[in-house]
Number of protein chains: 2
Amino acid sequence: MARAAGVAIKTVSRALNNEPNVRQDTRERILETVKRLNYHPSLSARGLAGRRSYLIGLIYENPSANYLVDVQHGAMARCREGRFQLLMHQVSGRGEELERDVIGLIDQTGVDGLIVTAPLCQSNELIRTLDRREIPFVRMAPNKMRHRTPYADMDDEGAAYEMTAYLIGLGHRRIGFISGHPEHFASGQRLNGYRKALKAHRIAYRASYVRQGFFIFESGLDAARQLLAMPEPPTAIFASNDDMAAGVLMAAHEMGIAVPDQLSVAGFDDTYIARTVWPRLTTVHQPSYDLAYTAADLLLRVLSSQPAPKPVRLPYRLVCRASTGLTDDSDSHS
Amino acid sequence: MARAAGVAIKTVSRALNNEPNVRQDTRERILETVKRLNYHPSLSARGLAGRRSYLIGLIYENPSANYLVDVQHGAMARCREGRFQLLMHQVSGRGEELERDVIGLIDQTGVDGLIVTAPLCQSNELIRTLDRREIPFVRMAPNKMRHRTPYADMDDEGAAYEMTAYLIGLGHRRIGFISGHPEHFASGQRLNGYRKALKAHRIAYRASYVRQGFFIFESGLDAARQLLAMPEPPTAIFASNDDMAAGVLMAAHEMGIAVPDQLSVAGFDDTYIARTVWPRLTTVHQPSYDLAYTAADLLLRVLSSQPAPKPVRLPYRLVCRASTGLTDDSDSHS
DNA sequence: CTGAAAGCGCTTACAG
DNA sequence: CTGAAAGCGCTTACAG
């Protein structure tokens, strides 16, 4: 290749990597030859010699499929623009096993950086391990952790506040809440939003109306069965994600409770499932694709050693569909 | 690393690559040291020296998220076992644009092989392009195309036959069918199964009971609305995948038609959505995870230049849930 | 602005 | 069964 263009191999390298110190006509001659010979530099050789792999890893644990695919495609889109490849990596285990898994990914593939999704980005041990390795990373999630690395997130508390206020506006006073997986920081944020909205509207918080969920369908189903079997059941249930809200709908159907006439149901995320259940879910639109795109963008900027990018907060929005409605419950205004 | 185990670097290489000519105790000592030091050979170095990238690409077009994630994790599992990394790659465009996209992936990343999912594996142009490049690949899908490369598939026709026969066994005689995307070979297979089952049970085929769908929710919803608005509507609808079956349920709910009392609904795939809609879907379990695992396994065997592996057909099974039931329709036995 | 040398961390091909 | 040497195709660090 270098011979064909009549230059040293090093000059080809410079031209392809957009480095300075190549005469314009030399550069053009090289790029033309590259095109003519359909030359593609070897990733392996570049990786070995340059200690760069042009690979970005996205590590995740066990998110719902619909959410995962949105995230995957968002990050993929940004990586392609930057001529990087995205390596999806599902981690297994916890604690030391998790760390070995991630270290293994880093050592084996030589990824240039990592996108760390929730709840992994809430693990102090993992973050410390990454720091020790000095591997660049960004976090994709709401964060309790102060850390120099940038992240992309949204205002979970504000969104939950708004959704709760929306239900209150429909006349609901007995509002059940199904929380998310306790290891996710967002779970606490969403619960906070719910509580603050109740307080702002002078509705007493009842612990029995709040049930622990785990972001999976079955946990929403179980929690809803319990809530709806209470002597004074809620007239609305706000689940911390759509999968659990679908579980709430299932429980209502099983028990012959009409939605939204007898029970309003709201979710969170606005994933595909929200549009495929009946009735369609009122939910909070979380910009998962854009959050992932943004996270990848932040990472690419870190890698190009531009000035450290700031965290980015993306807007959410309420999506009102058919699963929520006015309540005519006589007690609801007590 | 080699020093720590007291052997030559070459011996470590042999042990890790499961090559012969290593004494059992030497091998054990090495593997133990590897574990202790958390050693991971560099992909780049292995790739450069061995002219391999240890990267497998999985190309897909636009499958439903739940299906995609099953496939992704199945292929990922096998790749990890073989110390390969899986590169997910969503292709865009068709025709020449598609080919450029795939060639770009091959040249840029140097993937050692490709897993080609439906309907991409039905494109003659794409297959020819891959052949010209001499890149090893396997197909994951039912196949109309004769080709020397191996594939993993299931008996779509047989499965659709069984499901249709099951509905007939419940007393249904007016059975609607929503076909899949016409570019998928499986779509034709499933329709064939439906038609053959009708024939075997001496039920006349009615073209008006068969509607074109595209494997997406909305197409199932539209098709069902039309079917259910017919003067003599079907008492059962068999959709060619779960997403469309969920659309059928939505249509029934909208029209106040009780499932399964007034209408039985069956899907295909047994993805996550089948268990989250109400009532839960009767469907055909497609072993997506195992199909992908198997496809990756076939590819790895091709790459290790063992004798060319044969295609593998995996078993399906009917999963009977709450969306189907006996019909008491008076006309149904006519 | 361009090039010759060294070396990244493995595997291949060969020798013992 | 094990090892010493060569080299994969680039980039880094240096020299001109």
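The CG atom of A:D25 sits 11 Å away from the C1' atom of C:dC1 (whole-angstrom rounding). Rounded to whole Å, the distance from CD1 on B:I30 to P on D:dG3 is 8 Å. The CZ atom of B:R52 sits 16 Å away from the P atom of D:dG9 (whole-angstrom rounding). Distance CD1 (B:I9) to C1' (C:dA13): 15 Å, rounded to an integer number of Å. Atom CD of A:Q108 and atom P of C:dG9 are 15 Å apart (whole Å). The distance from atom CG of A:D107 to atom P of C:dG9 is 11 Å, rounded to the nearest whole Å. Distance CZ (B:R46) to P (D:dC10): 20 Å, rounded to an integer number of Å.
A side-chain donor-acceptor contact under 3.5 Å links B:H147 to the backbone of B:T149.
Looking at B:D297 and B:R301, a side-chain N of the basic residue comes within less than 4.0 Å of a carboxylate O on the acidic one, giving a salt bridge. The pair A:E99-A:R133 does not count as a salt bridge, with every side-chain nitrogen at least 4.0 angstrom from each carboxylate oxygen.
Taking only side-chain nitrogens and oxygens, B:T11 never comes nearer than 4.0 Å to OP1 or OP2 of D:dC1. Contact annotation: A:S44 side-chain N/O to D:dC8 OP1/OP2 distance is not under 4.0 Å. Under 4.0 angstrom from either OP1 or OP2 of C:dT11 there lies at least one side-chain N or O belonging to B:S13. Using a 4.0 Å cut-off, no side-chain N or O of B:S42 falls inside it from OP1 or OP2 of C:dC10. For the OP1/OP2 pair of C:dC10 and a distance below 4.0 Å, the side-chain nitrogens and oxygens of B:Y39 include at least one atom meeting the criterion. The shortest distance between the side-chain N/O atoms of B:R23 and the OP1/OP2 oxygens of D:dT2 is below 4.0 Å.
Nucleic acid contact class of A:R14 (heavy atoms, under 4.0 Å, all strands): base.
Comparing D:dC10, D:dC8, D:dG3 against the side chain of B:L48 picks out D:dC8 as the nearest.
Comparing B:R51 and B:V22, the nucleotide of DNA chain D nearest to each residue sits closer to the 5' end for B:V22. Taking the nucleotide of DNA chain D with the nearest heavy atom to each of B:Q24 and B:A49, the more 5' of the two is matched to B:Q24.
Rounding to the nearest 0.5 angstrom, the gap separating the CG atom in A:L43 from the OG atom in B:S44 is 7.5 Å.
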### Task
List the steps and the verdict of side chain to side chain contact (heavy atoms under 4.5 Å, CB included) for B:F84 and B:R52.
CA-CA 10 Å; B:F84 275 71; B:R52 305 180 74 163; 3.7 Å; yes
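Across all strands shown, nothing is found opposite C:dA13 as a Watson-Crick or G-U wobble partner with both distances under 3.5 Å.
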